[in-house]
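The first residue in the sequence is number 1, and the count goes up from there. These numbers were taken from a predicted model, which means no experiment stands behind them.
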Amino acid sequence: MSAEPDLRIRHVAPAFRTFCGEGALEALPRELARVGARRAVIICIPAVAAHTEAMGRVHEALGERLVGQFDGVEEHSPLPSVERARDFLAEHEADAVIAIGGGSSVVTARAATILLGEGKDVRQLCTRREDGRLVSPKLAAPKLPQWVVPSSPTTAYAKAGAAVRDPETGERLALYDPKARAQGVVLDPVMALTAPPRLSWSAALNIFSMAVEGLQSRRVDPLADAQLAHALRTVVTWLPRVAKDPELAAPRLQLMLAAIMSGQGSDHTGGGLAQALSHAIGPRSSAPNGVVEALLLPHAMRFNASVVPSRLAAIGEYLGLADSSAEAAVTEVERLLDVFEAPRRLQDIGVEQESLAEAASHAMDDWAITAGPRLPEEQDVRELINGAW
């Protein structure tokens, strides 16, 4: 007879307000008034800024509280772009930030507010290795309040961290500050339809992967597991509808709600191996991080199977399997990835085999790798990604 799980948990849910559907944008001025903000700045990508109808709705909702719009966000949030966003916030004397778009907009906005608030070089603020272990500095300065108006689903809505890429060295510089967490998210159906279906598809793969990785955690937290399991089922149900009905907002909004659940749930369980590897490999590929993470997910699951077989079996149950084995869960995830039309080999998404060693080294310095149920050595990582190549 198996032992009863230890349910000594600490589950602290940060304040987070969600507004969804027609009329949701009407919450923005009320939210700004709640914190006394009168000088809001939008941070977005050029592609979203070009959607005049959707952006017009946001501008109208913000009214005279909108004092500027920075539309220089770039994919993977490179440091120069983040620094320009920081300077824009300072120049406009912003007292609130509205991130509009997908993960890059959210991460750029969060990182820019951290750099602005702390007033220091990013390398003094980022997570780094000291005496052989990863250390995340405590960032004490106040941060501007933020809200997200997304165009695509991303687990970044609910997170407190932001990672920027140094294009000169290829390093991923991770910043963590709970005070930089968004106050909430506003899910507008018109804005939700601005993203190409393929972008919603790749972002949903990240939601799916993060939920699966969170559910493998050694930490048994039923509250987090409920969010992750429902996020998983929501992606399975609604992701195929994005391609089938690209003009309908409902599938996009459902995936955005799943992104909140996956992001919040994984906050309590931690990250995982596939997530850490995707952070290192993503910029070396032609695919978004969500696609890379999904590709690596079955490999990471098999790596973890020996230490958390019951957790993998539970994933299978959430997906409706009668077979309760860990391998059955991995096989079902592989089947679903085929249904989702996700690539299965790193070489198919432009990753050069010569870049794998450097990616493995960078992954070992990623905070997410410490949160998985089985801590790998660098040789384990090398073997895993070579097997996925």
Side-chain angles (χ1 to χ4, degrees), residues 11 13-14 16-20 102-103 106 148 150 152-161 181-182 184-185 187 192 195 199-217 219-242 249-275 278 288-291 293-294 296-298 300-301 304 308 311-321 329-330 332-337 339-340 342 368 371-373:
H11 186 105
F16 189 86
R17 296 170 178 237
T18 301
F19 306 90
C20 180
V106 176
V148 181
S152 61
T154 170
T155 55
Y157 308 153
K159 298 298 185 180
R181 197 186 300 270
V185 65
L187 308 180
L199 181 56
S200 292
W201 164 79
S202 63
L205 290 178
N206 169 251
I207 298 167
F208 180 83
S209 301
M210 192 165 284
V212 170
E213 290 226 284
L215 288 166
Q216 294 174 71
S217 173
R219 307 176 199 167
V220 179
D221 182 341
L223 302 175
D225 286 358
Q227 288 182 304
L228 295 169
H230 193 61
L232 201 63
R233 291 189 290 258
T234 300
V235 172
V236 171
T237 300
W238 289 97
L239 178 53
R241 291 283 301 275
V242 173
R252 316 278 190 110
L253 295 175
Q254 289 281 355
L255 291 176
M256 288 175 174
L257 292 170
I260 297 170
M261 291 183 279
S262 185
Q264 291 180 341
S266 59
D267 244 12
H268 296 285
T269 59
L273 181 55
Q275 181 185 357
S278 72
N289 277 2
V291 174
E293 187 176 357
L296 294 164
L297 184 61
M301 293 175 74
N304 293 329
V308 282
R311 296 289 276 164
L312 265 70
I315 293 171
E317 292 177 13
Y318 297 140
L319 293 173
L321 298 184
V330 181
E332 177 64 5
V333 165
E334 289 178 321
R335 186 192 72 80
L336 287 169
L337 292 177
V339 170
F340 299 155

Derivation and outcome, side-chain contact (heavy atoms from CB on, under 4.5 Å), residues Val212 and Met301: CA-CA 9 Å; Val212 170; Met301 293 175 74; 3.8 Å; yes

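- Side-chain atoms of Glu334 never come within 3.5 Å of backbone atoms of Pro298 as a donor-acceptor pair (strictly under, hydrogens ignored).
- Between Ala182 and Phe16 the shortest heavy-atom distance is O-CD1, 3.6 Å.
- The distance from atom CD1 of Ile207 to atom OG of Ser209, rounded to the nearest 0.5 Å, is 10.0 Å.
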Residues Tyr318, Leu228; criterion side-chain contact (heavy atoms from CB on, under 4.5 Å); working and verdict: CA-CA 10 Å; Tyr318 297 140; Leu228 295 169; over 6 Å; no

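- Thr155 is not listed as a side-chain neighbour of Ser266, based on a closest heavy-atom distance of 4.5 Å or more.
- Residues that satisfy the side chain to side chain donor-acceptor pair (under 3.5 Å) test with Arg233, not counting sequence neighbours, are absent from this structure.
- Atom-to-atom distance recorded for Met210:CE and Thr154:OG1 is 8.0 Å, nearest 0.5 angstrom.
- Note that the CG atom of Leu215 and the CD1 atom of Ile315 stand 5.0 Å from one another [nearest 0.5 Å].
- We find the OG-CZ distance between Ser200 and Arg241 to be 14.0 Å, quoted to the nearest 0.5 Å.
- Screening Arg181, Gln227, His11 against Asp267 for a side chain to side chain donor-acceptor pair (under 3.5 Å) leaves a single residue, Arg181.
- Between Ala224 and Gly265, the closest heavy-atom pair is CB-O, 3.6 Å.
- Shown here are the side chain to side chain donor-acceptor pair (under 3.5 Å) partners of Asn304, two or more places apart in sequence or in another chain: Gln216.
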Stepwise side-chain contact (heavy atoms from CB on, under 4.5 Å) check, Thr18 with Leu257: CA-CA 9 Å; Thr18 301; Leu257 292 170; 4.2 Å; yes

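- When every heavy atom of Met256 is checked against every heavy atom of Ser152, the shortest pair comes out as CE-N, 3.6 Å.
- Of the possible donor and acceptor atoms, none in the side chain of Gln254 sits under 3.5 Å from a partner among the backbone N and O of Thr234.
- Contact detail for Pro150 and Leu187: the closest heavy-atom pair is CG-CD2, 3.4 Å.
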Stepwise side-chain contact (heavy atoms from CB on, under 4.5 Å) test for Asn289 and Asn206: CA-CA 7 Å; Asn289 277 2; Asn206 169 251; over 6 Å; no

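- Minimum interatomic distance between Val235 and Ala204 (heavy atoms only, all atoms of both residues): CG1-O, 4.0 Å.
- Note: Arg219 CZ to Arg311 CZ = 11.0 Å, rounded to the nearest 0.5 Å.
- Distance check, rounded to the nearest 0.5 Å: CG of Leu297 to CG of Leu336 gives 10.5 Å.
- Residue Gln264 comes nearest to Ala158 through the heavy atom pair CG-CB, 3.5 Å, listed as atom of the first residue, atom of the second, then distance.
- Side-chain polar atoms of Thr269 and Asp221 form no donor-acceptor pair below 3.5 angstrom.
- With sequence neighbours left out, Phe208 forms a ring-ring contact (aromatic ring centres under 6.0 Å, His included) with Phe340.
- Remark: side-chain polar atoms of Ser217 are not paired, donor with acceptor, to backbone N or O of Gly214 under 3.5 angstrom.
- Checked by atom type and distance alone, the side chain of Arg252 pairs as donor or acceptor with a backbone atom of Ala195 at under 3.5 Å.
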